[in-house]
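The structure appears below as structure tokens.
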Amino acid sequence: MKAIFDSLDKSIKGEVLVDDYSLGMYATDASIYQIKPIAIVLPMDTEDVKSTVAIAQKNKISILPRGAGTSLAGQTVGRSIILDFSKYMNALLETNESEKWVRVQPGMVRDKLNAELKPYGLHFAPDPATGSRANVGGMVGNNSSGTKSILFGKTVDHVLEAAVLLVDGTILHLKNCPPEEYDEKAAKNNREGEIYTSFKRLVDAHSKEIKERFPKVMRRVGGYNLDEFVYTDQWNLSKLICGSEGTLATTLELKLNLVDLPKHKSVCVVHFAEILEAISAVESMLPFTPSAIEILDKTVIGLSRENLTTKHHCHFLEGNPEAILIVEFYGDTLEDVMERPRQMITQLKANGFGYAYPIFPEGEAYEDVWVIRKKGLGLMLGLKGNKKPLAFIEDAGIPSQHLPEYIDQVLKICKKHETEAAMYAHASVGVIHVRPILDLRLEEDIQRLKAITEDTFKLVMKYKGSWSGEHGDGLVRSAYNKRFFGETLYGAFLDIKRLFDPDNLMNPGKIIEAQTIEHNLRYGTAYQDQAIKTEYQYEVEGGFGASVHMCTGVGECRKLIGGTMCPSFKATRDEEHSTRGRANALRLAMSNQFGKEGLASQRLHEVMDLCLSCKACKSECPSNVDMAKMKSDSLQMYYDEHGISFRDRLIRDSAKSAANISGWKASMVNPLQKTALFRFILERVAKFDKRRKLPDFAELPFYKWFTKNAHKTNKGDKKVVLFADTYLNYHEPHVGISALKLLNSCGYEVILAHVGCCQRPKISHGFLRDAKRDGAKTIDGLKKFLGQGLKVVVCEPSCASALNDDLPDMIANTDTAEQLKNGVMMIDVFLSDELEKGHLNVRFEPISGAMAIHGHCHQKALYGTNAMKTLLKDSVKEIQEIPSGCCGMAGSFGYEKEHYALSEKIGNKILFPAIKNLQKDHEIVACGFSCRHQIQHFTEATPKHFVEAIRAVKNN
């Protein structure tokens, strides 16, 4: 095997990964399966793909084309060389606005493509819930559809042409062929001619069987798409590649059809007291031509109301429905998209369906509804505990007139096998994803998996539905194709596979000649985690292991547009630098699948190294995977095994150093640390990049200034506690002074909590035992205030998160933990809450004109930035939030020499260009200490903390 790897290394301009950790991270997707691949190739271009396939063919090693790896059926795992197109082969090659098509490479992400097409008023219509990271090549391989399929159909309906590579090195350019052109191709004396001739002969021979056996529902992606060739004489073999799951050829380029963006949209959310009532109502909705009808059951609704991100979007829910139907309308006028749902509601009420029917035109509330729908899958998969809602019977497409009876029968099947289930998805087209909740570590649940599948399969056959509605065959459904399509058509599938891939090297074991459902499980009866001693309690998650297992592979962390998660993946596009990659590495290490080094291994340390501890995954991941917390625990384990460096000690002790240096020493240290010589020496001995200048220390710490000066103005009829964090205290006392003045002008007497560091540097860098020990002193100092019912306000987001998110999960006293969670607040959140409660007789206005906000990662993840905007909504001329994600600094991360370039690259994605493009009258606001220094370093702008940028003016 080494000779093969060496050959790949020499032949590939891209990357070749063969280490156990990389292979482990690619061994799973979003399905229930795990198979370790042979190697991973990230091709730079078509020549790399050709070289890889040639080496594989010569050595009779199978090939598996893959994009984002979000398959729910196990299509993208196998004992193969995996070709991952997502990192390099992701370009939009050509756009034809007038003819409405694009030419793209297979690694192009669907949502990124549509973002580039939006200025033309066009989009690629199939919209799977994974569209934020789904690669177009994967969508073609899977024949994806999505919520709007009732209007736009499936991916196969939008593929115009495909350039594909056969395993023997032949490149085929597949496109629509009238009969004469098809015959010309078939007459060629080469592989193209052989394929065109044999395929036509095969379809003609089985035409009657194809018409009889293929299901007559729109949502059908099982087997090979032979029914695309029996109702027309315009044959396009790219439609055969679509849905073939990489089993026939490797896609190199695609030409895709585009459609106009809708002019107007609306959504109606119909609430039901019973799940079957909701399903029964679908038929009466269809005559009003909605663009989508999506169902969410009480499980998903409940999880949405609890999730850190989605709970803020749940305002449209009324009461406690057993299910809701999200009914969307497209139209040319606003009147049309509002009138049709009103007419539908009238009909529903006449039929006795539903109890609430809010309608929202396109806008913020409309988007909130779709956030809940799109997060539904991940929320279900992140259900706490070992039992998870699993994808194995969820993909059946049923004729809509039979859907209520079918769902009723499926729920009875689950009940017969003592299994609960959750459901969501596309009621409009008869695809309701029913997820039985099982733990496949248990033999009895594996038997339930098989039994529920068998009973449901028979039910689908009874109702003449499709077994694979949109998620494909993969490892979970392929074994049923022989029974579903019959011996004759299954034989035709075998012939097609042998025609394109005679040596069975293209993603074998999918669609034909497949394993049965219970093999190669990610979790099975032999799976076992080692006992792990951690410093966090993981109170919410249920332990470190449970926290790791919350990641199910849906890959939201691989999104390229919007949000903050995951900054290092967005910059590198490396799987191991995604939250999913890290979670998989932790799981495999924790279960000794990487050997006995376990969680203290050097390689795992490398995997975790580029996690910026931004906490975005804690809110943006549908399963709320808190990688920052797990990274800290793994670092503590690493230090225990390998010791710590000089730089680690400096970071650990940074708060203590700041307290010691600020004051009279600052006047000597500040000029010194700016010199080139000091920075050169610091880089050599501690690996802090010499291009950085360390923050100045305060010549008069804030707590001393407060003692001397606060009594002059510090009066009010209400009291609030201001936490004197390290940054405010010893580096930027002007922030503390501004906070004091702001709170005073709101009528508060400020009590200063000079009680020690929040422990953020220790927490983020894995010194958790030290953080727990020293944090106990800080907590003791705060308890005397919290015990009086006073609120503790914090200016620095990372300090707030340490105090009410991290430290509470390290201490055993649950009462104190709750006091910290509820009593410690960001200062802007506190003021916004007080204003809403009517406790403030002031209005807020900016000190200067327009304002641009960059939110700190922890602020966005845990508290949001809306409070700042709410305070100024009635007075500021222009307030905008830069959609910047992470700034790239992340505490000391951006100072560290090996991370400097990545830190700059992350900031350059959006933040730095956005700041440079702002008008000069814009005040840049960043509440994070590290964010302000990052912005100043790379843009020379001088951002301010929010408390420095606003003032409170008493109402008349």
Side-chain angles (χ1 to χ4, degrees), residues 1-29 31 33-44 47-69 71 73-89 106-107 137-138 141 165-169 245-251 474-475 478 497 501-515 519-522 553 574-576 580-581 584-585 587-589 591 593-595 603 607:
M1 198 64 76
K2 185 179 183 302
I4 297 170
F5 297 155
D6 290 343
S7 182
L8 285 170
D9 262 334
K10 291 175 183 175
S11 306
I12 303 301
K13 298 185 290 295
E15 300 173 43
V16 179
L17 310 175
V18 296
D19 66 286
D20 284 342
Y21 272 77
S22 294
L23 299 181
M25 285 178 239
Y26 280 85
T28 57
D29 47 19
S31 72
Y33 297 107
Q34 176 177 312
I35 302 175
K36 185 178 179 181
I38 292 169
I40 316 299
V41 174
L42 288 74
M44 189 76 71
E47 291 305 310
D48 273 2
V49 180
K50 290 166 66 176
S51 297
T52 302
V53 171
I55 291 167
Q57 200 271 343
K58 178 181 177 182
N59 293 280
K60 295 296 180 278
I61 299 173
S62 63
I63 290 285
L64 199 170
R66 170 168 160 151
S71 160
Q75 291 97 319
T76 57
V77 297
R79 182 71 177 151
S80 308
I81 294 175
I82 289 180
L83 279 164
D84 180 355
F85 292 94
S86 65
K87 185 169 183 178
Y88 298 116
M89 292 185 68
L165 175 68
L166 302 184
V167 78
D168 63 8
E245 302 184 1
T247 62
L248 302 180
T250 301
T251 301
L475 295 173
S478 291
K497 171 69 170 173
D501 178 26
D503 294 326
N504 194 28
L505 297 181
M506 292 304 304
N507 200 11
K510 318 303 191 306
I511 298 181
I512 59 162
E513 298 178 323
Q515 65 170 50
H519 293 96
N520 292 305
L521 297 173
R522 184 191 305 195
D574 289 329
E575 176 69 18
E576 78 171 63
R580 180 178 72 178
N584 271 324
R587 176 178 56 83
L588 292 164
S591 55
Q593 295 182 62
F594 287 146
R603 182 68 178 92
V607 170

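Counting heavy atoms from C-beta on, the side chains of V77 and Q34 never come closer than 4.5 Å. Inter-residue side-chain proximity for P508 and E513 is flagged as unmet; no heavy-atom pair is nearer than 4.5 Å. Between V53 and L83 there is a side-chain heavy-atom pair separated by less than 4.5 Å. Taking 4.5 Å as the limit, every side-chain heavy atom of T28 sits out of range of all side-chain heavy atoms of Y33. In this structure the side chain of I55 reaches within 4.5 angstrom of the side chain of S7, judged on heavy atoms. Side-chain contact between K87 and M44: absent, with no pair of heavy atoms (C-beta onward) separated by less than 4.5 Å. At least one side-chain heavy atom of F85 sits under 4.5 Å from a side-chain heavy atom of V49. Looking only at side-chain heavy atoms (C-beta outward), L475 and K510 come within less than 4.5 Å of each other.
Looking only at distances, a side-chain donor or acceptor of R66 sits under 3.5 Å from a matching main-chain atom of T76. In terms of modelled atom types and a separation under 3.5 Å, the side chain of N507 and the main chain of Q75 share a donor-acceptor contact. With hydrogens and angles ignored, the 3.5 Å screen pairs a side-chain donor or acceptor of K497 with a backbone N or O of M506. The closest donor-acceptor contact from the side chain of N59 to the backbone of I61 lies at 3.5 Å or more, if one exists at all. With D48 contributing its side chain and G14 its backbone, the two residues share a donor-acceptor pair below 3.5 Å. Between the side chain of R522 and the backbone N or O of S31, at least one donor-acceptor pair lies under 3.5 Å. Side-chain N or O atoms of D501 include one that pairs as donor or acceptor with a backbone N or O of L505 at under 3.5 Å. Checking side-chain atoms of S80 against main-chain N and O of I82 turns up no donor-acceptor pair under 3.5 Å.
Taking both residues in full, the closest heavy atoms of L8 and A39 are given as CD1-CB, 4.5 Å, listed atom of the first, atom of the second, then distance. The heavy-atom pair separating S71 from G74 by the smallest distance is OG-N, 3.0 Å. Scanning all heavy atoms of the two residues, the minimum distance from P65 to A249 falls at CG-O, 4.4 Å. Here the closest non-hydrogen pair linking Y21 and A589 is OH-CB, 4.1 Å. Taking all atoms of both residues into account, the shortest heavy-atom contact from A585 to V607 is CB-CG1, 4.0 Å.
From D574, atom CG reaches atom CD of E15 across 5.5 Å, with rounding to the nearest 0.5 Å. With rounding to the nearest 0.5 angstrom, the CZ atom of F594 is 6.5 Å from the CG atom of D20. For the atom pair CD (E575) and CZ (R580), the distance works out to 4.0 Å, reported to the nearest 0.5 Å. Here the straight-line distance linking atom OG1 of T250 with atom CG of L165 works out to 5.5 Å at 0.5 Å rounding. Rounded to the nearest 0.5 angstrom, E576 CD and I40 CD1 are separated by 11.5 Å.
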From CA spacing to verdict: side chain to side chain contact (heavy atoms under 4.5 Å, CB included), D84, V41: CA-CA 6 Å; D84 180 355; V41 174; over 6 Å; no

Intermediate values then yes/no, side chain to side chain contact (heavy atoms under 4.5 Å, CB included), I81 and F5: CA-CA 10 Å; I81 294 175; F5 297 155; over 6 Å; no

Steps toward side-chain hydrogen bond (donor to acceptor under 3.5 Å, both in side chains) verdict (T247, E245): CA-CA 5 Å; T247 62; E245 302 184 1; over 6 Å; no

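No side-chain donor from either of Y26 and N584 sits under 3.5 Å from a side-chain acceptor of the other. A donor atom on one side chain and an acceptor atom on the other are not found under 3.5 Å apart for S11 and S51.
Under 4.0 Å is where a charged nitrogen must lie from a carboxylate oxygen, and between D6 and K10 no such pair does.
More than 12 non-hydrogen atoms from other residues, nucleotides or ligands lie less than 6.0 angstrom from NZ of K60.
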